[in-house]
Amino acid sequence: MWKNIKATTGMKLRCKGWKQEAILRMLENNLENAEIPEELIIYGGTGKAARNWECYDKIVETLKNLEDDETMVIQSGKPVAVFRTWKNSPRVLMANSNIVPHWSTWEKFRELEELGLIMYGQMTAGSWCYIGTQGIIQGTYETFAALAKKHFNSNLKGKIVLTGGIGGMGGAQPLAVKMAGGVCIAIECDEKRIDRRIAAGFCDEKIKDINQAVKMANSAKEEGRALAIGVLGNCADILPKLAKDGFNPDVVTDQTSAHDELKGYVPAGFYGDSLKEAFKLRKERPNEYIKQSMASMKNHCNAMIEFNKNGAIVFDYGNNLRGQALKAGLKNAFEYPGFVPAYIRPMLCIGRGPFRWLALSGNPDDILKTDKAVTKMFPDDDVLSNWIKLAEKYLPWEGLPSRVCWLGYGERERFALVINKMVRDKEIGPVAITRDHLDGGSVASPYRETESMKDGSDAVADWPLLNALLNCAAGADSVQIHNGGGVGIGLSTHAGMVVICDGTKETDERIKRVFKTDPGMGVARHADAGYGEAIEVAKKSNLKLPMVK
């Protein structure tokens with residue numbers, strides 16, 4: 001039975017310790033920010049927080065009764081066991097969507113899902129680390145900032161970015177482009193999503209006529225004015241039309257749910273009021289829906305290639321559109337690069353990635369105080385300082401007040417220790433620290449994070465598994481291993497983690513270990529692949545890598 005879940009705030013405990021309470025509040029926060037809360041779907045097509053409402057209720061009940069030396073085991077959104085472990089062991093261990101490699105396909109997954117044996121965890125949905133659109137906003141901003149630095153002399157002022165998909169992940173795009181000084185045309189087939197982004201401050205305008213949107217974007221471009229426009233329509237219809245009409249955006253990308261051809265992507269011809277027809281087709285004739293979806297993705301991707309030929313900067317934003325188009329018969333689908341090799345890999349090499357934290361008290365002042373702390377700690381990091389200023393100006397609070405910023409190896413440990421001391425000194429309430437699964441050593445995804453690795457190790461999945469094992473050994477409070485997030489079943493393996501800052505000295509020791517092991521695996525992974533930046537960081541920080549000279 002559906003419940004309207006909101007994250008609990010304040011300092012009163014329902015559980016037997018802050019570790020368990022924090023994890024419960026993170027689960028609630030996922031659902032407060034969910035795309036389809038009645039179905040437990042958080043974002044990304046079908047990324048869920050629990051397998052069903054019966055499982056959700058049992059998870060809550062178990063967390064409330066979990067002892068400080070017990071660990072709850074979650075198998076694809078279902079609590080299957082509680083074991084006595086150690087006080088410094090994780091309170092929760094999760095595995096989502098994992099299938100033996102030979103059978104790791106959407107077809108087998110859907111068969112198992114129909115039997116009630118599995119659920120799709122996406123990345124931060126099934127690990128209860130989602131914090132709304134604000135969780136991905138800095139990564140999106142960092143990507144567009146890196147693009148601007150590489151191609152346009154530092155910012156996107158006077159540039160038009162054409163993209164699609166403004167759901168749970170893609171919803172960060174319009175604001176990120178605006179924060180970088182540019183004009184964004186974001187196409188979305190679900191009008192409710194556009195309305196939601198406008199209400200939250202992530203988008204400025206809703207337009208139903210693409211010609212009007214182009215005219216508005218060109219005017220803003222000429223004026224050098226930043227603007228975020230949400231256009232109601234379908235990318236598979238609109239992008240081919242714009243390419244044929246000779247429209248020349250400066251940048252083209254996409255964040256539709258292309259990873260899932262049945263329950264994610266919406267075929268050409270369906271948007272707005274006709275979405276109901278699409279959902280009916282999806283339910284009653286799934287094979288026909290998939291056929292139309294794959295054909296649409298082929299045309300969608302081909303239009304992006306045409307924009308690239310006409311001079312636009314085009315990149316894949318990690319939703320596997322190119323892979324799907326290739327599967328549909330578009331032989332040159334990979335003619336444009338993915339965002340990681342194009343813009344992000346140098347940061348991953350040095351262990352720099354999405355460090356995020358939640359104020360478990362629900363008090364926004366706790367986040368604002370930590371904002372001051374992090375900018376004071378790293379005064380020479382202009383990107384970080386500028387980001388915090390922009391975040392405080394533009395970002396709304398979504399559920400539990402939270403923040404994300406990209407920090408490197410060594411920096412995460414230092415800042416986490418400061419946060420824990422602030423909790424200990426009662427300057428702020430308890431804080432949960434986590435990250436996206438998109439990080440240096442926590443993912444193997446050949447169409448995204450590990451695309452075009454220097455040593456050809458794109459598909460080696462040992463690294464995220466080792467990351468999870470190591471974080472367990474180091475004392476993280478929650479550790480997760482997932483399959484398929486972002487790009488689809490069988491196409492990625494990734495891991496997540498959580499550390500709860502309760503102010504204790506014991507947590508200081510956890511922090512000193514977990515925030516070395518977690519980003520350190522990213523440095524080790526890239527140093528092993530031969531990246532000079534990673535090798536240099538390892539040498540400077542005395543990270544022991546036996547096989548790296």
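Since this is a predicted model, take the numbers as computed values, not measurements. The first residue in the sequence is number 1, and the count goes up from there.
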Quick one: closest heavy-atom pair of [X] and [Y], and the distance?
| X | Y | value |
| --- | --- | --- |
| G429 | V423 | O-CG2, 3.3 Å |
| R322 | C301 | CA-SG, 4.2 Å |
| P464 | A495 | O-CB, 3.5 Å |
| N467 | G441 | CB-O, 3.4 Å |
| G362 | T9 | CA-CG2, 3.6 Å |
| C349 | H526 | SG-CD2, 3.7 Å |

No-hydrogen, no-angle side-chain donor-acceptor test under 3.5 Å, [X] and [Y]:
| X | Y | result |
| --- | --- | --- |
| D502 | T507 | yes |
| S452 | R345 | no |
| N483 | N96 | no |
| T517 | N471 | yes |
| Q255 | T253 | no |
| S402 | W357 | no |
| T133 | R197 | yes |
| T140 | Q173 | no |
| R51 | S76 | no |
| Y265 | H300 | yes |
| T85 | E70 | no |

Residues [X], [Y]: salt bridge by 4.0 Å N-O rule:
| X | Y | result |
| --- | --- | --- |
| R14 | E21 | yes |
| E35 | R193 | yes |
| R448 | D316 | no |
| K48 | E38 | no |
| E509 | K512 | yes |
| K108 | E111 | yes |
| R282 | E288 | no |
| R110 | D260 | yes |
| E54 | K58 | no |
| K87 | D69 | no |

*asked:* Quick one, I59 with M72, criterion side chain to side chain contact (heavy atoms under 4.5 Å, CB included). Give me CA distance, side-chain angles, the key distance, then yes/no.
replied: CA-CA 9 Å; I59 288 168; M72 175 168 57; 4.1 Å; yes
Strictly under 6.0 Å, is that where the ring centroids of [X] and [Y] end up?
| X | Y | answer |
| --- | --- | --- |
| W406 | Y141 | no |
| Y130 | W128 | no |
| F515 | F415 | no |

*Apply ring-ring contact (aromatic ring centres under 6.0 Å, His included) to F339 and list each qualifying residue two or more places apart in sequence or on a separate chain.*
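F339: ring-ring contact (aromatic ring centres under 6.0 Å, His included) contacts with Y317.
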*Under the ring-ring contact (aromatic ring centres under 6.0 Å, His included) rule, collect the residues that match up with W463, sequence neighbours excluded.*
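So W463 forms no ring-ring contact (aromatic ring centres under 6.0 Å, His included) with any residue.
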Distance-only, no hydrogens or angles: does the [X] side chain make a donor-acceptor pair with backbone N or O of [Y] under 3.5 Å?
| X | Y | answer |
| --- | --- | --- |
| E413 | K516 | no |
| R510 | G475 | yes |
| S442 | H494 | no |
| Q324 | A258 | yes |
| S445 | S492 | no |
| S104 | P101 | no |
| S457 | V460 | no |
| T163 | A186 | no |
| R25 | L360 | yes |
| R352 | G408 | no |

Do [X] and [Y] have side chains that approach each other closer than 4.5 Å (heavy atoms only, starting at C-beta)?
| X | Y | answer |
| --- | --- | --- |
| V73 | V82 | no |
| V266 | N234 | yes |
| L24 | C15 | yes |
| T450 | R525 | yes |
| S478 | M497 | no |
| L470 | M521 | yes |
| N33 | Y43 | no |
| L465 | I481 | yes |

*Does CD in E107 sit with more than 12 non-hydrogen atoms of other residues, nucleotides or ligands closer than 6.0 Å?*
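More than 12 within 6.0 Å, yes.
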_Can you confirm whether more than 12 heavy atoms, excluding those of R285, are under 6.0 Å from its CZ atom?_
no
*Identify, with sequence neighbours excluded, every residue that meets salt bridge (Lys or Arg N to Asp or Glu O under 4.0 Å) alongside D68.*
none
*Results of salt bridge (Lys or Arg N to Asp or Glu O under 4.0 Å) for K298 - residues two or more places apart only*: none
*Only counting residues at least two apart or in another chain, list the ones meeting side-chain contact (heavy atoms from CB on, under 4.5 Å) with T434.*
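Partners of T434 by the side-chain contact (heavy atoms from CB on, under 4.5 Å) criterion, ordered by chain and then number, come out as M26, C129, R356, L358, V498.
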_Listed partners of P267 passing side-chain contact (heavy atoms from CB on, under 4.5 Å), at least two apart_ =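 Residues passing side-chain contact (heavy atoms from CB on, under 4.5 Å) with P267: F270, Y289, Q292, S293, S296.
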*Taking it one step at a time, do F355 and V404 satisfy side chain to side chain contact (heavy atoms under 4.5 Å, CB included)?*
CA-CA 6 Å; F355 181 104; V404 59; 6.0 Å; no
*How long is the gap from OH on Y447 to CG on N319, to the nearest 0.5 Å?*
13.0 Å
*Hey, mind stepping through Q480 and H437 against side chain to side chain contact (heavy atoms under 4.5 Å, CB included) and telling me if it holds?*
CA-CA 10 Å; Q480 317 92 28; H437 290 203; 3.8 Å; yes
*asked:* Would R403 and D366 count as a salt bridge (Lys or Arg N to Asp or Glu O under 4.0 Å) here? Give the steps.
replied: CA-CA 10 Å; R403 187 72 79 217; D366 289 358; over 6 Å; no
